[in-house]
Amino acid sequence: MNAPRYRFAPSPTGFFHVGGARTALFNWALARQSGGTFVLRIEDTDEARNRPEWTQGIIDSLAWIGISADDPHFEGPLFQSEFFDAHLDAARRLHESGHAYYCEMTPDEIQARAAAEGTTGYGGWSRDLGLGPGAGRVLRFRVPAGTTVVHDLVRGEVEFDNATIEDFVLVRGNGTPVFILANVVDDMSMRITHVVRAEEHLPNTPKQQMIWEALGEQPPIWAHVPVLVNEQRKKLSKRRDKVALEQYREEGYLADAMVNYLMTLGWSPGDTEIQPWSAMEPVFRLEDVNKSPAFFDLKKLAAFNGDYIRMLSADELAAACEPWLPAEWDRAPFRQMVPYIQERLKTLAEAPAAVDFLYVHDPAVDQESWDKAFAPDYALALLRDVIGAYETCTWDHGTLKAAMEDLMTRYDVKLGKASAATRVAVTGRSVGPPLFEALEVLGRDESLRRMRDAVTRAES
RNA sequence: GCCCCCAUCGUCUAGUGGCCUAGGACACCACCCUUUCAAGGUGGCGGCACGGGUUCGAAUCCCGUUGGGGGUGCCA
């Protein structure tokens, strides 16, 4: 009966913000650990940003980070726009009870009058005019004198002097409700008990709390978690920063890594940062959430992702890479190479480039790598000898390596240097997965062909 | 301008008056390992913003300063 009800209330904007993802995760953990409910409410009251497909995008993104609409703790999606009547009904009640009044001043008029009086903002000039509803008239909340104290689970008690809060608009001149009203009315009708959202909403909170009280209801428990910032310490913005969760997904970040990383921003899962969701969910507490903004560090995210990639089995990794592999590629060689590229990947999207030399006829040759590999005077002769040895030996990486080791002693160089020319000849680059394993997968004929071509090229 | 929030290594954090000579992670540097590159191992660099209090004792409590951030719409 008194199971807590949390909510996540994004506005559909066409992409899913990583900051929103973290807020959702926090709410999700809280709802699940308490046997409560996570309500998804789409705040679509601004008709300018409202497309049906965007809602699906939100649901898909939530599902990707483990917040499934099929879970019994999940409720929704509910749409704010469908509660239009309830918003206006609340507005009417607020007006009738004297908590709100109509005002016909336009923004321009307000600005002009404020300037004339040497003040800023709206001075409550229409408060006692007794105006009724009418076209172009906005409904304003009559902010009472006194102070409003917000009890916040993350920040403690935050006190606001009501004198610093002007009579804000509840209903626009065109008759549509404003976010601040709709948000409260929806939370009320959805019986939300805990509002956990980003810190940018903290200044809204005293206003909303006043609305709750004016409507005769007990406000929910508030919690404002710190925002995510960029390297300039500014709130992550879609203009300048990479904030779309979908983009990270497309770039080959694992959902588990993203979830884990997001949870460490503003909160710590304990002794080790790398923790599965199942371990974090039950121990997450708002009281432990930090109060200061957290930098969204791509480098650390990538490090987490690398860790998670390495935790996968070879089969799992091969399957996870599937979306990034060209359709025409034969999967068998790729699967053989997976164990060798696993510890070299930071993202799944890097997988194709790590093995593409297996699939292209003549891999592009990196000139710098080539020059370096063939610079030593022994390089060409050694490569010829390798070809000779590889023409007849058993084709497995152990034998290939042994043959190379035999030659390296004759030229008195280490294995790395001895195989440099062969590596460039076969892969076009000086870096890549282990050479002999790659040769084994590539096959004798193709490997030798490339090595002979390299000899020809080196001679000319 | 006004209101509000915040302040531990470059970054994310542990720390809730003595266990702190402030711990871990990412990044960086060095070394080891080594089949290039990675991965892994070891070590290093590096921090309680500043100034006052309170206390036998402050990273931890209070005040101020400074510095960040958020909000200031008929957006959400």
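This one's a predicted model, so the numbers in the text were calculated from it and none came from an experiment. Residue numbering restarts at 1 for every chain, and letters A, B, ... go by the order of the sequence lines. Heavy atoms only: backbone and side chains are in, while hydrogens, waters and symmetry mates are out.
- Put simply, A/Lys291 has no side-chain N or O that comes within less than 4.0 Å of OP1 or OP2 on B/C5.
- Taking every side-chain heavy atom of A/Asp297 into account, B/U11 is the closest of B/U36, B/G1, B/U11.
- No side-chain N or O of A/Tyr248 forms a donor-acceptor pair with one of A/Asn305 less than 3.5 Å apart.
- Within 4.0 Å (heavy atoms only), A/Val158 reaches sugar-phosphate atoms of the nucleic acid but no base atom.
- In this structure, A/Leu435 reaches the bases: a heavy-atom distance under 4.0 Å links it to at least one base atom across the strands shown.
- Using a 4.0 Å heavy-atom cutoff across all strands shown, A/Phe160 reaches sugar-phosphate atoms only and no base atom.
- Between B/C6 and A/Arg233, no contact under 4.0 Å exists linking OP1 or OP2 to a side-chain N or O.
- Dashed line: the shortest gap from a side-chain N or O of A/Arg22 to OP1 or OP2 of B/C12 is not under 4.0 Å.
- Ion pairing between A/Glu446 and A/Arg450 holds under the 4.0 Å rule for side-chain N and carboxylate O.
- Ionic pairing of A/Lys291 and A/Asp152 is not present here: no N-O contact between side-chain nitrogen and carboxylate oxygen is shorter than 4.0 angstrom.
- Contact annotation for A/Glu273: base contact, defined as any heavy-atom pair under 4.0 Å involving a base atom.
- Under the side-chain contact (heavy atoms from CB on, under 4.5 Å) test applied with A/Val143, the options A/Thr148, A/Thr164, A/Asp167 reduce to a single match, A/Asp167.
- Contact of A/Glu199 with B/G71 (side chain to base): no donor-acceptor pair of N or O atoms is detected under 3.5 Å.
- Listed pair A/Lys234 / B/G69 meets the phosphate criterion, a side-chain N or O lying under 4.0 Å from OP1 or OP2.
- Nearest nucleotide to the side chain of A/Leu202, out of B/C12, B/C5, B/G70: B/C5.
- Taking only side-chain atoms of A/Ser11, from C-beta outward, the nucleotide of B/C12, B/A76, B/C26 with the closest atom is B/A76.
- Among the nucleotides B/C37, B/U35, B/A14, the one closest to any side-chain atom of A/Ser268 is B/A14.
- Within 4.0 Å of A/His224, counting heavy atoms only, lies no atom of the nucleic acid at all.
- Proximity note for A/Arg155 (side chain, C-beta onward) versus B/C6, B/C12, B/G40: the nearest is B/C6.
- On the P atoms, B/G18 is 26 Å away from B/C12, given to the nearest whole Å.
- Contact check, A/Asn290 against B/A14: a side-chain N or O comes under 4.0 Å of OP1 or OP2.
- The nucleotide B/C28 finds its pairing partner in B/G44, both defining distances of the Watson-Crick or G-U wobble pair being shorter than 3.5 Å.
- With B/C74, B/C12, B/G70 as the choices, the nucleotide that has an atom nearest any side-chain atom of A/Thr264 turns out to be B/C12.
- Nearest nucleotide to the A/Ser292 side chain, out of B/A7, B/U35, B/A25: B/A7.
- Using a 4.0 Å heavy-atom distance criterion, A/Met408 is classed as making no nucleic acid contact.
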